[in-house]
Novice: 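Dropping a structure here in structure tokens format, bear with me for questions.
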Number of protein chains: 2
Amino acid sequence: MADGPTITTIAERAGVSIASVSRVLNGLPTRQETVRKVMAAADELGYVRNAVARSLKSRRTHQVAFAMADIGNPAYLAMLREIQPVLKAAGYRLVLHSTDAVAADEIDVLHSLGERYVDGLIMSPLRVTETHLRMLATARAPVVIIGSVPDGTPVDNVRADSRTGVRLAIDHLHMLGRRRIGMVNGPLDTVPGAARGAAYREALAAVGLPYEEKLVEIGDFYRAEGRRAVETLLRRVPDIDALMCANDLIALGALDVLRAAGKRVPQDVAVVGMDDTDLAAASWPSLTSVSLGSAERGKAAAELLLDRLQHGDREPRLVTVLPRLVVRASTAGEGSEGGRSS
Amino acid sequence: MADGPTITTIAERAGVSIASVSRVLNGLPTRQETVRKVMAAADELGYVRNAVARSLKSRRTHQVAFAMADIGNPAYLAMLREIQPVLKAAGYRLVLHSTDAVAADEIDVLHSLGERYVDGLIMSPLRVTETHLRMLATARAPVVIIGSVPDGTPVDNVRADSRTGVRLAIDHLHMLGRRRIGMVNGPLDTVPGAARGAAYREALAAVGLPYEEKLVEIGDFYRAEGRRAVETLLRRVPDIDALMCANDLIALGALDVLRAAGKRVPQDVAVVGMDDTDLAAASWPSLTSVSLGSAERGKAAAELLLDRLQHGDREPRLVTVLPRLVVRASTAGEGSEGGRSS
DNA sequence: CCACACACCGTAAACGTTTACAGTGACTTT
DNA sequence: AAAGTCACTGTAAACGTTTACGGTGTGTGG
């Protein structure tokens, strides 16, 4: 209720100056007797340091922001889960922004760095525009970008290698004998969408399969969109035998549609997701998925940022996280029919 | 690089006092000419208000904290997803804490309210101890608790009604003809664990079934723990015909074990989860689950807090969110065998 | 021509810290 | 006993805002 005690209150009660109080509270060398008096007064008053005043003076807030494109996407949540403890361990609080994949909101976050309510920012933009780059160049606090950014951009950067990731998946499908491998992608003007689309084409070439327009369908990175896209694709190519999905949500949509269409997974159609979210392990048949290391990327980003906050200027660094194919039932299992045995 | 501009910089460049600058920036009545000069200077310098200094003066940070017990639990994430946009719309930033269900961490968060880096707190403690209550009574900023709290505690409170929730599930199972309905619960010393355990007992009585010790197994709210618990339970009561699980993760563990044991779901054993997380819809068979309205609770909590921040003291309020049974395949579907038809 | 009202503006204090600097007293050294 | 050293402490400025208060200059009314 009443206004909380400040160092002035303590100083009065302990009969010393505010400077002494501050010194005691910060553990600077002080006479025992003074320490005792100050501590006693602070305890009795239930004093707690005012973080705002402290930040104003020290120019450090001990807060870091994480701006994610979509708070509903499990891949970002996986990053969040790793980022949070790393920051916490280093004594930083986490301010969370969800930009709903709206570029203007991302710019806003970048702009608000000038308000200095955080010491740094981790951001994972879906699209990187000219404005992004301009703001990054003049940002008033260190920024780490998760996701690809043009070479030479002066920020710490953590990347997934979706190219290799898609390659792993296509190799796997090819080795299983699949030859009509479709792709269900998200919007091509997003960073992941573009990268995954190109990687698919490349990976097909690498195993000697032709790229066919009709095998590709574009939707968005959501389950319902995935369903819609797969329905279209299935109508166009009824004998498709594998689906490379640009994320797990799309893949779940694919499973829905395939089940409804009476296709067995993986016997008739093998399905691969991407991001290896919790959902992949929860679904049934469980979903083979390309892990792009969301967790590792989050962790790496947090560590890069902390490092920069502590050591200031050094060359921008680039960390690339290696993908991993997590094989589960949707490509190599006994499939929708066989769950009961074993 | 260089220190950012402050109102002093602007004042110099515009040839006015800092008071005028402040007035212009805050839209207080000022002569047109002055407004023009200040705005021009601010634009040229790329001025951005310092949020920390502003907070120090205004005693408002426009930040709100959300302390969740477990950042890995989808139920909390569902709350987070609702809380974030509500706060954002009202101009507040979100500071995220994960307490890992450690009481000491929760106390810490409560204590740190004294640091005044947030204007309010939404907290969802797993256990509510004496210390919690003491700190709540003297908290230096408004707190909203999601979860039950003793009557008369002077905080805004949002509750689920797990009693009715469990009741809905048991009724449903009973109506489907199940008579050996087991329960897989989490620790009884947690708020949800205790509530759900008691509710199970009560709901059985309501449909005229006896409560039997052997039908209950205690684990923890994780999938692996759920697996372990269900294995034990299945060994003890091989002909069990339904499982009421205290959350979705446990239920997924149950599905794993049942599948491995060759039991069909729902024909042999019906399974009900709780919290109705994304996982429930993703699993296969999809999981019947009691929604305790995580999303609604998050939203309500955020709204209660905003209301209190704006209107100060009024009676503490209690919002109870009604549960809903979401029936899916794990109780009423065609089951593990039948997915292909339709 | 003076008094007054009014609109606008500048000075300075305040928010709660941290910290440079100077001051005090006790103790050592010669 | 004077000078110097040292450990500790207090005064005051600073961080970047907001805002109460008083001052200035213009225009109006008597």
Side-chain angles (χ1 to χ4, degrees), chain A residues 2-42 45-63 91 112-119 140-141, chain B residues 2-39 41-42 45-63 112-119 140-141:
Chain A
D3 258 16
T6 71
I7 53 170
T8 310
T9 332
I10 298 186
E12 280 163 9
R13 178 181 273 242
V16 299
S17 74
I18 61 166
S20 287
V21 175
S22 177
R23 274 188 288 260
V24 170
L25 294 176
N26 289 307
L28 297 179
T30 315
R31 196 157 47 118
Q32 268 313 307
E33 170 65 4
T34 313
V35 172
R36 212 188 39 66
K37 280 191 297 186
V38 170
M39 286 312 210
L45 293 166
Y47 172 78
V48 183
R49 244 204 221 90
N50 183 310
V52 177
R54 183 166 230 237
S55 294
L56 178 59
K57 187 89 242 274
S58 66
R59 295 152 154 279
R60 290 218 148 207
T61 59
H62 293 278
Q63 294 193 152
S112 71
L113 281 184
E115 296 182 15
R116 314 214 129 270
Y117 64 90
V118 286
D119 296 340
R140 293 261 166 74
Chain B
D3 257 18
T6 70
I7 53 169
T8 311
T9 331
I10 298 186
E12 281 164 9
R13 177 181 276 241
V16 299
S17 75
I18 60 166
S20 287
V21 176
S22 178
R23 274 187 289 258
V24 170
L25 294 175
N26 289 307
L28 298 179
T30 316
R31 194 159 48 119
Q32 268 313 308
E33 169 65 7
T34 312
V35 172
R36 212 191 37 69
K37 281 191 296 186
V38 169
M39 286 312 211
L45 293 166
Y47 172 78
V48 183
R49 246 204 221 91
N50 183 310
V52 177
R54 185 164 228 236
S55 294
L56 178 58
K57 189 88 240 272
S58 68
R59 296 152 155 280
R60 289 218 147 207
T61 60
H62 292 279
Q63 294 192 153
S112 72
L113 281 184
E115 295 181 16
R116 315 213 127 269
Y117 63 92
V118 286
D119 296 339
R140 293 260 167 74

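Within every chain, numbering begins at 1; the chains are lettered A, B, ... in the order of the sequence lines, protein sequences first and strands thereafter.
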Novice: Record whether the side chain of B:K57 comes under 3.5 Å of the base of D:dT18 through a donor-acceptor pair of N or O atoms.
Specialist: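 Pair found.
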
Novice: Contact class for A:V16 (heavy atom, under 4.0 Å): base, sugar-phosphate, or nothing?
Specialist: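 Here A:V16 touches the backbone only, sparing every base.
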
Novice: Answer yes or no: does atom CD of A:Q32 have more than 12 heavy-atom neighbours from other residues, nucleotides or ligands under 6.0 Å?
Specialist: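 For A:Q32, atom CD is not crowded (no more than 12 foreign heavy atoms under 6.0 Å).
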
Novice: Using whole Å, report how far CD1 of A:I18 lies from C1' of C:dA14.
Specialist: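 Interatomic distance, CD1 of A:I18 to C1' of C:dA14: 13 Å.
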
Novice: Rounded to the Å, how far apart are A:E115 CD and D:dT17 P?
Specialist: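 These atoms are roughly 11 Å apart.
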
Novice: Quick one: on DNA chain C, does B:G15 or B:A53 contact a more 5' nucleotide (nearest heavy atom)?
Specialist: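 Result: B:G15.
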
Novice: Give a yes/no on whether any side-chain N or O of A:Y117 is located under 4.0 angstrom from OP1 or OP2 of D:dT17.
Specialist: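 It does not, given that no N or O in the side chain of A:Y117 lies less than 4.0 Å from OP1 or OP2 of D:dT17.
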
Novice: Could you work out which one of C:dC8, D:dG16, C:dG16 sits closest to the side chain of B:T34?
Specialist: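 Out of C:dC8, D:dG16, C:dG16, the nucleotide with an atom closest to B:T34's side chain is C:dC8.
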
Novice: If you check every side-chain atom of B:R31, which of C:dC8, C:dG10, D:dT17 has the closest atom?
Specialist: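 Shortest atom-to-atom distance from the side chain points to C:dC8.
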
Novice: Identify which nucleotide among C:dT18, D:dT9, C:dT17 has an atom closest to any side-chain atom of A:N26, counting heavy atoms from C-beta outward.
Specialist: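 Closest of the options to the side chain of A:N26: C:dT18.
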
Novice: For a quick check of understanding: with a heavy-atom distance under 4.0 Å over all strands, which category does A:R49 fall into, base, sugar-phosphate or nothing?
Specialist: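 If one applies the 4.0 Å heavy-atom cut-off, A:R49 turns out to touch the sugar-phosphate alone, with no base involved.
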
Novice: Regarding B:L28, tell me which of base, sugar-phosphate or nothing describes its non-hydrogen contacts under 4.0 Å with the strands shown.
Specialist: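 Nothing, no heavy atom under 4.0 Å.
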
Novice: Would you mind reporting whether A:R49 and A:N26 have side-chain heavy atoms less than 4.5 Å apart?
Specialist: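 Yes; the side chains approach each other to less than 4.5 Å.
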
Novice: Rounding to a whole Å, what distance do you find between A:L56:CG and D:dA14:P?
Specialist: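 Those two atoms, CG and P, are 14 Å apart.
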
Novice: Looking at every strand, decide which applies to A:S58 at a 4.0 Å heavy-atom threshold: base, sugar-phosphate, or nothing.
Specialist: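 If one applies the 4.0 Å heavy-atom cut-off, A:S58 turns out to touch nothing in the nucleic acid.
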
Novice: Hey, are the side chains of A:R54 and A:H62 touching, using non-hydrogen atoms and a 4.5 Å cut-off?
Specialist: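 No, their side chains stay 4.5 Å or more apart.
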
Novice: Side chains of B:N50 and B:T6: does their closest heavy-atom pair fall under 4.5 Å?
Specialist: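 They are not in contact (no side-chain heavy atoms under 4.5 Å apart), so the answer is no.
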
Novice: Give the rounded distance in Å between these two atoms: CD of A:E12 and P of D:dG10.
Specialist: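 Going from CD in A:E12 over to P in D:dG10 covers 13 Å.
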
Novice: Does the side chain of B:R54 get closer than 4.0 angstrom to OP1 or OP2 of D:dT18 through an N or O atom?
Specialist: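 It does, given that an N or O in the side chain of B:R54 lies less than 4.0 Å from OP1 or OP2 of D:dT18.
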
Novice: If you assign each of B:N50 and A:R23 to its closest nucleotide in DNA chain D, which residue comes earlier from the 5' end?
Specialist: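 Mapping each residue to its closest nucleotide by heavy atoms, the 5'-most match is A:R23.
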
Novice: D:dA14 P sits how many Å from A:I7 CD1, rounded?
Specialist: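 Atom CD1 in A:I7 sits about 17 Å away from atom P in D:dA14.
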
Novice: Between B:V21 and B:R13, is any pair of side-chain heavy atoms under 4.5 Å apart?
Specialist: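 Not in contact.
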
Novice: Consider the side chain of B:S22, meaning its heavy atoms from C-beta on, and name the nucleotide among D:dT19, D:dT9, C:dT17 that approaches it most closely.
Specialist: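 In terms of side-chain proximity for B:S22, the closest of D:dT19, D:dT9, C:dT17 is D:dT19.
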
Novice: Strictly below 4.0 Å: does A:S17 bring a side-chain N or O up to OP1 or OP2 of D:dG10?
Specialist: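 It does, given that an N or O in the side chain of A:S17 lies less than 4.0 Å from OP1 or OP2 of D:dG10.
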
Novice: Can you find an N or O donor on one side and an acceptor on the other, under 3.5 Å apart, linking the side chain of B:R116 with the base of C:dG16?
Specialist: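 Side chain to base: no pair present.
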
Novice: So, for B:Y117 and A:Q63, which heavy atoms are closest and what is the spacing to 0.1 Å?
Specialist: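 Shortest heavy-atom contact: CD1-OE1, 4.0 Å.
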
Novice: What is the distance, rounded to the nearest whole Å, between atom CD1 of A:I10 and atom P of C:dG16?
Specialist: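 Nearest whole value for this atom pair: 13 Å.
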
Novice: Students often get this wrong, so: under 4.0 angstrom with heavy atoms, is B:R59 touching a base, only sugar-phosphate, or nothing?
Specialist: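 The residue B:R59 makes sugar-phosphate contact but no base contact.
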
Novice: B:S20 near the nucleic acid: base, sugar-phosphate alone, or nothing, with a heavy-atom cut-off under 4.0 Å?
Specialist: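 Result for B:S20 = sugar-phosphate.
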
